[in-house]
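Every chain is numbered from 1, with letters handed out A, B, ... down the list of sequences.
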Amino acid sequence: MNVVAWEHILAVAGGIVVFLVASFALRADWKTPGLDNQVFKLMLGLLALGGILATLTGLQIIGKS
Amino acid sequence: MSVIAEHGGIAEHIHPEPQGFIRKYIFSLDHKIIGIQYLITGMVFLVLGGLLAELIRIQLMNANGGFLTPDVYDEVYSIHGSTMVWLVGIPILTGGFGNVIMPVQIGARDVAFPWLNMISFWLFPIAGLMLFSSFLMGAPVAGWTEYPPMSLQGAAGTSMWCAAIFLVGISSTLTGMNFLVTILKMRAPGMTFTRMPLFCWGQFATAPLLMIATTALAAALAALFMERQFGVPFYDPTRGGSPVMWQHMFWFYSHPAVYIMILPAFGIISEVISVFSRKPIFGYRLIAFSSAAIALAGFMVWAHHMFTSGIAPYMQLPFMILTFVIAVPTGVKIFSWMATMWGGKIHLTSAMLFTIGFLILFTFGGISGVFLAAIPFDLHVHGTYFIPAHIHYVLVGGSVMGIFAGIYYWFPKITGRQMSEFWGRVHFVLFVIGFTGTFLPMHWLGAMGMPRRVATYDPQFQTINDVMSIFSFVMTFAILIFFINVIFSIRNGKKVGHNPWGARTLEWQIPSPMPYYNFKHIPSVYGLPYDFTEPLPYAHLEEELTDSPVPVGAH
Amino acid sequence: MAVASVPHEGQADQLYVETRALRLQGFLLFLVSDLVLFSSFIFAYMYLRNSGQGWPPPGITRPAIALGGLNAAILFGSGATMHYALENFKRGNFIRYAWLLIFTIILGALFLGGQAIEYTTLFREHITWAGSGIFGASFFTLTGMHGFHVLCGIIYLTILLLQSVHGVYDKQRYFGLTAGTLYWHFVDVIWVVLFSIFYLV
């Protein structure tokens, strides 16, 4: 397989892992109080979104070259 | 909001006062010293900027010019505008008055981040020197707004201008963060937002503007710098860039910037007017919340500077309407101040005279601003002398009058001595006469179509220009009297007690000049500071004016 | 704020709690102003992009999506490891914290490496910062600025790692680590936006 295919596979794998980890962390942190934790939750949510985007990119559903 | 506990927290924590001259007066961490440094540096730049203004007026005494070459004339008005906005108005009103007075008024011992405060200050004179050094390599010629493509073609000094304004912008941003955290977190027990003095409300509304708007300008300046130095195309239309983009980014900062220069002045006026009318301020909440409303709406009106720049018609109308809307909270303030004076026992001190002058001149400038917001009128006068007339009415008639009022008002607190009231009145009378004679005729010149930023002009305008120049000398003379009064009063002014005006905010309840630690005990607050018939709404202030030592537990 | 004299027991905690609250708010405000800086450049990019030539402008090839996607996954992954580094530190699991932090730094460095490959590929096609019109200007300025933030973040996290090895932070007082995590998350999340606007639309 060529480099590009490996890049796609790694992006999909990484994206899925990021999405799962971020969602799990968000769930675990859901009820934590404090200003810093509120910001962390927002960041984790966006990180999960980023995981989805990376996955879809690797699957060549979105993205333009 | 969490109230800081009375014992054991930062509020009660006192640093030992540094003893060496350099640590005490140069690289000081004390908010009062830093504020005074800001005031002095700002005043130096006021003199320099004022001298540049006089060069402009001398040049314009003759329709054919001849005093300066057209190139030098362009450099002079560009640096005049940049100096007055970034090195005089913003630093004096936020860094200067905000540092000296705001922490004391909220009952704190210092700002939240004293080191950051010192860095903010020291960036400012460095930026000022950089700005003036641009004269050595060909200063910017496109005015204080530096529109491309002209700023792309300017001499090397234009890049220096970018760097200087970028630095002073970092200084503003850091000050804004510092003040915001200070006001949010370090108020004395019982000092709720609805008991905070209105000057602090002015600073509180200004701080987010300093923080957010200035960063947007930093991006625009960085792009201009990159385009000039490295040829990266952002603004050059021949390479795909857009000069109008600069105008968007610049005015997204610079419209809030005029509120940065006027909201603290509103705060000063609110303090002075209540004290010298001996009446509670009328509509405390109205004034406080309208400051916040102005700050918020200030972000949504920037394109009213660009009606002639070719923006889409469907964008013009909302900006015109939103600009009209801003006149409402401003009008609320003006009427509240008038109602405060109504039926009060008015003491016509110098500070109060400047406040009344502010009310009249600023209202005038505000109304010409409403004129300019109307697109049909703006299309007629855009780029004429009507624009300088408007901006000088709001920035000199507004901000600078507010600065003078604040200095006459707080001078006894800063130095322990009072400025000469007689010379203060002379200053006021000459200043208002000179100001009106200089800037009122600009409205007519603008309506008649004299373009701004030109070194020579049609001879039919010469008489009016000569009159304006002569009156501008009167104004400069008035400012000279002010400086002599300040310098004389620092050493020889009448010694006054801790509260010569009978004011009720916290800074007047401690000795003058203010001690290093501000308060021996952090006070508790029970009410608004404006009710002149009631006893003072503070507790734990009994020892401030006595000789009792700073309590050991506070260390 | 430097603590000049150590107060007695109990007082120190109160002082720490308040100092931490101030610093947290100050640091978040710094991130807000940094966000405004990025937003301004993103505005500039959007404005130029919609100024009528079509996107990408004629004669420009966009950076490869495959490498871009992988790079994004790497950076987002570093955000996840950083999050768990802080969580483990809070729970007192120092060894796992240190490994996760090291892993975060490595992922950050990998991201920068991926960006370097991307840049050299574009340079080989003669697409440069100053020589390729508004595409070069906006792409290299924004991603370069972001890369600079990543570089600063790697240095910051390395300092934090060394500090925590020397015992600067303990289970009660670890504001530096919170700030580092906030900063790293900020850098990640900015890339969600930049990735979307440069590679996906």
| task | Measure the acute angle between the ring planes of C:Y97 and C:F94, then classify it against the limits of 30° and 60° as parallel, tilted or perpendicular. | result | tilted
| said: Measuring centre to centre across the rings, with the benzene-like ring taken for any Trp, is C:F198 within less than 6.0 Å of C:Y45? | reply: yes
| query | Sub-3.5 Å donor-acceptor pair from the side chain of A:K41 to the main-chain atoms of A:W30, do we have one? | reply | yes
| message | At a 4.5 Å cut-off on heavy atoms, which part of C:L28 comes close to chain A: side chain, backbone, both, or neither? | response | side chain
| task | Tell me, for C:T61 versus chain A, whether the close heavy atoms (under 4.5 Å) come from the side chain, the backbone, both or neither. | result | neither
| Where on C:I74 is there a heavy atom nearer than 4.5 Å to chain A: the side chain, the backbone, both, or neither? | neither
| Side chain, backbone, both or neither: which part of C:H185 has a non-hydrogen atom closer than 4.5 Å to chain A? | both
| field | Structural part of C:T181 lying under 4.5 Å from a heavy atom of chain A | value | both
| task | Using non-hydrogen atoms and a 4.5 Å limit, figure out which bit of A:L44 sits close to chain C: side chain, backbone, both or neither. | result | side chain
| said: So which residue, A:G58, A:G14, A:A25, ends up with the most heavy-atom pairs under 4.5 Å with chain C? | reply: A:A25
| Between A:V39, A:V17, A:D36, which residue shows the highest count of heavy-atom pairs closer than 4.5 Å to chain C? | A:D36
| Region of C:Y199 in contact with chain A, defined by heavy-atom distances below 4.5 Å | backbone
| query | Hey, would you say the C:F186 and C:F27 ring centroids sit under 6.0 Å apart? | reply | no
| message | Suppose we call two aromatic rings close when their centres sit under 6.0 Å apart. Are C:F41 and C:F38 close by that rule? | response | no
| query | Does the gap between the ring centers of C:Y119 and C:F140 come in under 6.0 Å? | reply | yes
| query | Counting distance only, does the side-chain N/O of C:Y183 pair as donor-acceptor with the main-chain N or O of C:C152 below 3.5 Å? | reply | no
| query | Can you check whether C:L177 reaches C:K90 side chain to side chain, under 4.5 Å on heavy atoms? | reply | no
| remark: One option among C:L31, C:I65, C:L86, C:D188 has the most heavy-atom pairs under 4.5 Å with chain A, and it is C:I65
| query | Tell me, side chain or backbone of C:L24 under 4.5 Å from chain A's heavy atoms, or both, or neither? | reply | side chain
| message | At a 4.5 Å cut-off on heavy atoms, which part of C:V201 comes close to chain A: side chain, backbone, both, or neither? | response | backbone
